[in-house]
Amino acid sequence: MDKSIIKASDLSLVYKDGTKAVNKLNIEINPGDLVYITGPSGSGKTSFLKLLMGIEFPTGGSLNVLGVDIKKGRKGRIQKMRRQIGPIFQEFKLIEGRTALENVCMGMRFFGIRPSKIKKQAMEALIRVGLESKIHTKVENLSWGQAQRVAIARAVVRKPKLLLADEPTGNLDHENAVSMLQLLGSFCDSNTAVVITTHATHLIENQKNAIYVHVDKGEFSIKTGKAGIAAIS
Amino acid sequence: MKSLFYNMGYFIRELFKTIRLSALSNFFSFIGTSLILLLFGLILISWWIGDNLVSSLKDEAQISAYFSPGMEQEQMHKLVDEIASMDGVTTARYIDTEMAYEENKRLLGDEADILELFDDNPFESYIDIRINLDDMDSVISRVTSLQGIDYVRDNRDVLAQLKSLVNAIKLIGSVVALAVGITTIIIISHMIRQGIYNNREQINTLWLLGAPSWFIGFPFVLAGILLTLLGGFAAVGLIVLMLEKGYAQLSGYLMFLPFPSVSELKQNISYIIIVISAGLGLFGSLFGLSSIKKD
């Protein structure tokens with residue numbers, strides 16, 4: 001049985017205006033993989049994440065995410081697949097007017113879990129990202145960095161098989177950006193693959209077990225381990 | 001199912017949030033729905049009363065057959081028996097001249113003094129025939145053709161007019177029922193669409209997090225049902241008030257008119273309006289949700 005979380009073969013995405021966002025990408029991501037996708041703004045990183053989320057659909061090749069053929073685009077199956085993904089959106093997509101705790105709970109409400117258990121797990125997740133003092137604060141009253149941590153807590157509380165983080169270092173200073181990448185990397189385990197996009201190549205640590213993907217104008221180059229970091233730096 | 005049960009509190013909070021977000025617009029939707037359901041309720045009551053009236057008059061339908069001059073008493077009674085055995089005839093009763101005089105005296109009421117002007121009893125004996133309204137034409141034709149019957153007096157015209165009036169109310173009622181249904185569905189589906197628009201960011205986030213469609217749509221369906229139910233209750237309240245006032249005004253005449261009892265009317269109309277408003281709320285909400293998905 002195929003245990004891969006993501007399997008792309010000759011995957012392509014060409015927008016209606018002719019822009020090639022992804023060009024014939026071949027990649028396989030398995031549980032426990034930590035994947036950094038780097039490249040300049042507009043290179044195709046976010047488009048690739050959109051494909052993984054089933055927001056965009058391949059225009060060529062094939063893409064299988066958590067056992068779902070994205071190209072077929074069956075709504076019900078895509079929704080089921082999304083429940084196994086922990087997305088951290090670039091703009092966070094937190095729900096205003098709600099507290100940090102309510103936002104984190106929101107990601108699990110449709111999992112058929114008792115509300116008391118959801119609340120307990122959400123609090124643990126918020127504590128893990130260092131927001132124990134902001135649990136009952138409305139998200140519009142949080143700083144940018146704190147809001148980002150709420151988004152992370154909402155993603156990881158679901159115990160996802162695939163954690164996707166889109167430009168998590170965007171507005172952070174060097175020190176915070178490094179600790180953010182370390183925090184996200186810490187969620188990678190034998191059940192979970194973590195995919196992080198960033199344009200700040202210099203922030204990425206040289207990790208032996210990581211996969212480094214560089215993308216520019218839809219062209220992806222993939223390297224692993226120490227050689228990989230050297231190739232994209 | 002577990003998610004539905006566990007999230008009931010969340011759905012109820014979301015439902016009130018949806019209503020609160022466009023409070024004024026939803027208030028107008030509520031007023032509109034109430035008035036539409038009130039109109040529907042009034043038409044339904046008219047229909048009901050009219051139908052009741054016709055049914056009662058059907059049971060009471062009566063014709064009078066007058067004897068040819070110079071008939072013997074025995075022959076008259078034979079004719080009464082013959083008519084009583086006809087299909088469509090409920091009862092046939094011989095009314096002699098004295099009984100006819102008393103009956104007319106009763107009908108004339110305060111004006112009965114006029115009868116004293118006559119030296120002799122001006123009324124003839126006749127046969128009072130109670131019939132099934134649907135068989136009226138055939139009974140009249142058979143009775144008229146009997147030997148010994150001079151002429152037959154009937155209230156066919158009045159009954160025909162009453163029947164056509166009730167049919168017209170039924171027709172108007174059907175049109176109003178259709179209009180009420182369509183209008184309520186439009187109002188509620190518009191309200192749902194507006195609610196979805198106001199909550200679009202939250203819906204989009206939930207969608208991206210993998211929330212199933214029913215989970216996203218359920219609070220909106222609840223909001224639609226609640227709003228139409230409230231409209232239904234308001235309409236029922238107004239109808240009950242109007243019925244009580246109306247029946248109080250007609251209290252003097254009610255004993256002579258075959259109207260249904262006010263308590264029966266109030267109870268039936270309340271059930272019907274509440275069930276219909278809940279159904280329309282559900283249908284309108286689902287229609288609103290489905291039309292959004294197509295966009």
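Owing to the predicted nature of the structure, the values given are computational and were not obtained by experimental measurement. Below, chain A is the first sequence line, B the second, and so on; all start at residue 1. Every heavy atom of this structure was used, including side-chain atoms; hydrogens, water molecules and symmetry mates were not.
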Counting neighbours of [atom1] on [X] that are heavy atoms of other residues, nucleotides or ligands and sit closer than 6.0 Å, is the number greater than 12?
{"X": "A:R114", "atom1": "CZ", "result": "no"}
{"X": "B:F11", "atom1": "CZ", "result": "yes"}
{"X": "B:Y271", "atom1": "OH", "result": "no"}
{"X": "B:F28", "atom1": "CZ", "result": "no"}
{"X": "A:K138", "atom1": "NZ", "result": "no"}
{"X": "B:M8", "atom1": "CE", "result": "yes"}
{"X": "A:K119", "atom1": "NZ", "result": "no"}
{"X": "A:K71", "atom1": "NZ", "result": "yes"}

Under 4.5 Å from any heavy atom of chain B, what part of [X] do you find: side chain, backbone, both or neither?
{"X": "A:F111", "result": "backbone"}
{"X": "A:I118", "result": "neither"}
{"X": "A:M53", "result": "side chain"}

Task: Side chain, backbone, both or neither of B:L4 within contact of chain A (heavy atoms, under 4.5 Å) - done: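 Neither part.
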- [ ] Against chain A, label B:N204 side chain, backbone, both or neither, depending on which of its atoms sit under 4.5 Å from a heavy atom there.
- [x]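 Side chain of B:N204 only, per the 4.5 Å heavy-atom cut-off to chain A.
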Search all heavy atoms of [X] against all heavy atoms of [Y] and return the closest pair with its distance.
{"X": "B:L208", "Y": "A:K93", "value": "CD1-CE, 3.5 Å"}
{"X": "A:G107", "Y": "B:L209", "value": "CA-CD1, 4.0 Å"}
{"X": "A:G112", "Y": "B:Y6", "value": "O-CE1, 3.5 Å"}
{"X": "A:F110", "Y": "B:L206", "value": "CE2-CD2, 4.0 Å"}

Task: From A:E102 atom CD to B:R13 atom CZ, the distance as rounded to the nearest 0.5 Å - done: 7.0 Å
Task: pair B:T205-A:M106: side-chain heavy atoms closer than 4.5 Å - done: no
- [ ] Please tell me if the side chains of A:Q79 and B:S213 come closer than 4.5 Å, counting only heavy atoms from C-beta onward.
- [x]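 Not in contact.
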Task: Between B:F215, B:F5, B:W207, B:W214, the one whose heavy-atom pairs under 4.5 Å with chain A are most numerous - done: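 Top count of heavy-atom pairs under 4.5 Å with chain A: B:W207.
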Task: Residues A:R98 and B:E201 bridged, charged N to O under 4.0 Å - done: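 Here A:R98 does not pair with B:E201 in a salt bridge, since their nearest N and O are not under 4.0 Å apart.
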TODO: Look at A:E96, A:R158, A:K80, A:Q84 and state which one has the largest set of heavy-atom pairs under 4.5 Å with chain B.
DONE: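 Greatest number of close heavy-atom pairs with chain B: A:R158.
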